[in-house]
Amino acid sequence: MAVCCDLEVDVNGEETFMVDTKIIASYCGRLSKLFGKPAGGARNLKVIFNDFPGGAESFELMSRFCYNNGRTAITPSNISFLHSAAQFMEMNNSVSGTHNLLEETGKSLEEMNYWTWSELLIATKKCQDLLPFPNSTGILEKCVDSLIGRITTSGDPSPCPSTSSPDSSGVRLSCDTRSTESLKNSFSRATWWFEDLLVLSTNLVGMVFKSMVSQKFDHVIISRFLFYYQKSKCYTGTSDEKRKVVETVIDMLYILDWNSVSFKSLFGILRVALNCNIRKCSRTKLESMIGSQMDQATLDNLLIPSPYGMNYLYNVNLVLRFLKAFLHGGISQVFPIQLRKVASLMDFYIAEVAPDPCLKPSKFLALAMALPDSARESYDGIYRATDMYLEVHTGLSKEEKMKICCVLNYEKLSAEACIHLSQNKNFPSKCAVQALMSQQVKLKSLLKATGKTKCYIDSSSGVSETGSKGKKNETSKQSVLYAGKLDLPTDNDKLRAHLQGMQWRVTELERVCLKMQAPMTKIMKSRVSNHRTSRSLPKLCS
């Protein structure tokens with residue numbers, strides 16, 4: 001049979017083929033329709049395909065089938081190209097008769113469940129070249145579904161033995177060696193496929209991910225695979241490849257249950273993302289995931305260097321966005337313990353960044369006031385950070401210093417911090433007065449409450465107890481007298497003297513009450529054992 005190469009075929013601009021129109025058209029319905037009518041002896045016909053699935057390699061496989069009288073070896077490595085080409089070129093029964101490439105590849109796909117894992121992986125990898133083009137054949141979905149099904153049936157997809165019933169044969173968490181080894185083996189069975197799927201592109205991994213989620217695959221295993229994939233791909237990839245992988249992984253992690261995503265791994269991917277200039281939407285998703293678990297962070301996690309070109313040391317804006325995401329989640333209202341934990345962490349962080357000479361007052365204020373007042377039981381940590389900031393930033397005006405000091409809640413400062421503040425030259429004098437006034441109010445309230453408490457001593461307790469009673473009453477009356485006569489001086493030195501004097505008197509009151517507890521306990525025991533007496537039980541000092 002004479003072969004006449006009278007047709008030039010341009011495949012996606014990749015390569016040009018010279019083929020026989022009659023041979024190709026006898027199997028391809030698309031070309032048969034195009035050249036069904038004679039072209040009047042025209043020569044050198046040309047066809048241009050811009051969206052041929054699989055490109056030049058796929059067209060070549062299809063041409064060999066046509067030139068070989070409708071025979072070719074169909075294997076997992078070429079079935080995706082042959083099936084897609086047959087669909088695209090309309091190689092159906094009405095044209096090719098008994099030699100139907102579309103039907104033959106379809107039968108081979110039906111036997112996919114009998115393929116080995118390696119054959120499945122090869123077929124899926126080959127499908128990657130079909131992704132840029134419309135895929136109406138469904139072969140890629142079949143390969144992905146088969147992969148997920150094989151992963152599920154070949155190993156326990158759940159790494160958490162606690163989810164199984166107590167009577168199941170799963171691994172139980174215990175400290176013995178056998179259980180530890182069983183746990184390792186169980187987790188290995190659940191992650192054996194990680195390395196094999198590294199050959200897949202990010203687009204194909206996205207399809208695998210969606211299939212896993214739709215089949216309710218364990219989110220812990222999915223997240224661990226995504227982190228593993230990201231680390232492996234970013235180890236040798238170019239900047240653009242790293243950026244695309246990081247964005248894809250972040251977008252997929254965001255869909256999962258955030259409680260199943262490793263917080264430590266999120267900071268690992270954050271370091272890569274900061275150097276890749278990822279999309280703003282992906283960056284926001286990552287910050288939201290980190291911020292939602294802010295109570296698990298450490299100081300080292302937050303000490304992130306500032307972006308290139310910035311003169312300040314640490315990336316304060318990033319931490320502020322973390323806090324915003326943390327508060328936006330509403331966790332502070334449901335779990336106040338975690339809110340206080342974040343507040344304690346922020347106290348350490350603010351103290352760490354405060355000595356930075358380039359840290360602007362507005363940023364310091366934003367950090368100190370990011371959390372609500374209820375998050376802190378004590379403001380001593382904020383005071384120490386403020387002290388360090390004012391000590392380094394000596395060029396601030398009085399107005400700026402007063403604005404900085406607005407972050408302090410003087411009522412939540414300890415007595416030691418207030419005394420230190422009153423003697424601290426870094427703080428404006430008004431702040432010292434406010435601190436001393438706050439302590440004065442607290443001490444007046446304490447002394448007033450102590451003075452109102454009446455203590456009675458039973459006459460049977462002896463002379464020494466009566467003497468203690470007299471001293472105690474005398475001291476209490478004197479304390480109430482001091483509290484009643486205490487006025488607010490305008491001079492700071494007099495305030496300090498009054499404060500120290502009242503603190504000494506409170507200490508004396510506490511010491512007297514402690515001495516009285518032992519004899520009063522004896523009186524109570526004696527009163528309980530003596531049922532005949534009609535005397536009432538004396539009230540104790542609280």
Side-chain angles (χ1 to χ4, degrees), residues 1-12 14-39 44-131 133-146:
M1 178 179 177
V3 178
C4 178
C5 297
D6 57 349
L7 178 62
E8 182 181 355
V9 182
D10 185 343
V11 181
N12 301 344
E14 299 175 4
E15 194 171 344
T16 301
F17 295 86
M18 297 299 300
V19 297
D20 189 310
T21 304
K22 292 182 180 180
I23 295 178
I24 299 296
S26 63
Y27 292 95
C28 302
R30 190 163 190 163
L31 292 182
S32 177
K33 294 176 183 178
L34 184 61
F35 301 112
K37 297 180 180 180
N44 299 326
L45 299 174
K46 184 175 183 179
V47 176
I48 299 176
F49 293 119
N50 293 319
D51 55 353
F52 198 94
E57 182 179 355
S58 180
F59 185 85
E60 183 178 353
L61 289 172
M62 182 273 299
S63 300
R64 289 181 179 179
F65 172 83
C66 298
Y67 275 90
N68 199 30
N69 296 323
R71 298 182 181 87
T72 189
I74 301 176
T75 64
S77 60
N78 64 19
I79 189 172
S80 58
F81 283 175
L82 287 174
H83 191 74
S84 300
Q87 182 79 14
F88 183 81
M89 298 297 290
E90 301 176 9
M91 302 174 72
N92 50 36
N93 218 6
S94 60
V95 176
S96 56
T98 57
H99 301 287
N100 186 343
L101 181 60
L102 188 60
E103 183 180 353
E104 291 182 15
T105 54
K107 290 180 180 179
S108 297
L109 288 175
E110 292 176 359
E111 300 175 354
M112 186 178 292
N113 293 332
Y114 301 100
W115 292 1
T116 64
W117 170 258
S118 299
E119 290 174 336
L120 271 177
L121 205 60
I122 291 173
T124 308
K125 183 181 177 182
K126 282 291 184 179
C127 289
Q128 294 180 144
D129 296 330
L130 302 175
L131 285 178
F133 309 100
N135 180 32
S136 58
T137 64
I139 182 173
L140 184 54
E141 287 81 359
K142 292 181 180 179
C143 290
V144 170
D145 290 341
S146 296

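Being a predicted model, the structure only gives us computed values, none of them experimental. The figures here come from the full heavy-atom set of this structure, side chains too, leaving out hydrogens, waters and symmetry mates.
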**Q** Would M91 and M62 satisfy side chain to side chain contact (heavy atoms under 4.5 Å, CB included), going step by step from the backbone distance to the final call?
**A** CA-CA 10 Å; M91 302 174 72; M62 182 273 299; 3.5 Å; yes

**Q** Which residue pairs pass the salt bridge (charged side-chain N to carboxylate O under 4.0 Å, His left out) test when at least one of the two sits in residues 55-65, sequence neighbours left out?
**A**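 Salt bridge (charged side-chain N to carboxylate O under 4.0 Å, His left out) check on residues 55-65 returns E57-K126, E60-R64.
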
**Q** Cation-pi check, R71 to F65: give yes when NZ or CZ is under 6.0 Å from the six-membered ring centre and within 45° of the ring axis, no otherwise.
**A**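 Relative to the ring axis of F65, which defines the angle, R71 lies outside at least one limit.
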
**Q** Nearest heavy-atom pair of S32 and A25: which atoms, and what distance?
**A**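 For S32 and A25, the tightest heavy-atom pair comes out as CB-O, 3.5 Å.
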
**Q** Taking all non-hydrogen atoms of both residues, which atom of A56 and which atom of E14 are closest, and how far apart?
**A**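 Looks like N-OE1, 3.0 Å.
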
**Q** Would you check if P76 and L120 make a side-chain contact, meaning some heavy-atom pair closer than 4.5 Å?
**A**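 They are not in side-chain contact.
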
**Q** Which value, rounded to the nearest 0.5 Å, describes the distance between N92 atom CG and Q87 atom CD?
**A**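 Between N92 CG and Q87 CD, I get 9.0 Å after rounding to 0.5 Å.
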
**Q** What distance do S58 atom OG and N78 atom CG have between them, rounded to the nearest 0.5 Å?
**A**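 One gets 9.5 Å once the value is rounded to the nearest 0.5 Å.
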
**Q** In Å, rounded to the nearest 0.5 Å, how long is the span from OG of S80 to CD of Q128?
**A**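 Going from OG on S80 over to CD on Q128, the span is 10.0 Å.
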
**Q** Does Y27 reach the side chain of N100, with side-chain heavy atoms less than 4.5 Å apart?
**A**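 No, too far: nothing below the 4.5 Å cut-off.
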
**Q** Is a donor on one side and an acceptor on the other found under 3.5 Å between the side chain of D145 and the backbone of K142?
**A**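 Such a contact is absent between D145 side chain and K142 backbone.
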
**Q** Can you measure from SG (C127) to CD1 (I79) and round to the nearest 0.5 angstrom?
**A**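 The distance works out to 9.0 Å.
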
**Q** Compare all side-chain heavy atoms of F49 with those of V9 and state whether any distance is below 4.5 angstrom.
**A**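 They are in contact (side-chain heavy atoms under 4.5 Å apart), so the answer is yes.
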
**Q** Could you give the distance from CD1 (I23) to SG (C66), rounded to the nearest 0.5 Å?
**A**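 Rounded to the nearest 0.5 Å, the CD1-SG separation comes out at 8.5 Å.
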
**Q** Considering non-hydrogen atoms only, spot the tightest contact between C143 and T124 and give its length.
**A**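 Taking C143 first and T124 second, the nearest heavy atoms are CB-OG1, 3.4 Å.
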
**Q** Side chain of D20, backbone of K22: donor and acceptor closer than 3.5 Å?
**A**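 Here the side-chain-to-backbone pair exists.
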
**Q** Can you see which heavy atom on G55 is nearest to which on N12, and at what distance?
**A**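 Minimum heavy-atom separation between G55 and N12: CA-ND2, 3.4 Å.
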
**Q** Got a second to check how far I48's CD1 is from D10's CG, nearest 0.5 Å?
**A**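 Reported to 0.5 Å precision, the distance equals 5.5 Å.
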
**Q** If we only count heavy atoms from C-beta on, is the T16 to V11 side-chain gap below 4.5 Å?
**A**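 The answer is no; the side chains never approach within 4.5 Å.
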
**Q** Using side-chain heavy atoms (C-beta onward) and a distance below 4.5 Å, is L130 in contact with L140?
**A**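 Contact flag for L130/L140 side chains = no.
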
**Q** Donor-acceptor pairs are to be reported for all side-chain atoms of residues 105-117 against protein atoms at under 3.5 Å, with residues two or more places apart or in another chain.
**A**
{"from": "T105", "atom 1": "OG1", "to": "H83", "atom 2": "ND1", "distance (Å)": "2.6"}
{"from": "T105", "atom 1": "OG1", "to": "L101", "atom 2": "O", "distance (Å)": "3.0"}
{"from": "T105", "atom 1": "OG1", "to": "L102", "atom 2": "O", "distance (Å)": "3.0"}
{"from": "S108", "atom 1": "OG", "to": "E104", "atom 2": "O", "distance (Å)": "3.3"}
{"from": "T116", "atom 1": "OG1", "to": "E119", "atom 2": "N", "distance (Å)": "3.2"}
{"from": "W117", "atom 1": "NE1", "to": "D196", "atom 2": "OD2", "distance (Å)": "2.9"}

**Q** Is there a side-chain contact between L61 and T72 in this structure, where contact means two heavy atoms from C-beta onward sitting under 4.5 Å apart?
**A**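 L61 vs T72: side chains apart.
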
**Q** Name all residues meeting the ring pair (Phe, Tyr, Trp, His ring centres under 6.0 Å) criterion together with F81; count only those two or more places apart in sequence or in a different chain, and write none if there are none.
**A**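 Testing F81 for ring pair (Phe, Tyr, Trp, His ring centres under 6.0 Å), a comparison that skips the adjacent residues, returns none.
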
**Q** Between E90 and C28 (side chain of the first, backbone of the second, donor and acceptor by atom type, cut-off under 3.5 Å), is there such a pair?
**A**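 No: the side chain of E90 does not pair with the backbone of C28.
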
**Q** Please work out whether the ring planes of F59 and F17 are parallel, tilted or perpendicular, with thresholds of 30° and 60°.
**A**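 Correct class here is tilted.
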
**Q** Could you check whether any side-chain heavy atom of M89 comes within less than 4.5 Å of a side-chain heavy atom of F52, counting everything from C-beta outward?
**A**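 Result yes, sub-4.5 Å side-chain heavy-atom pair found.
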
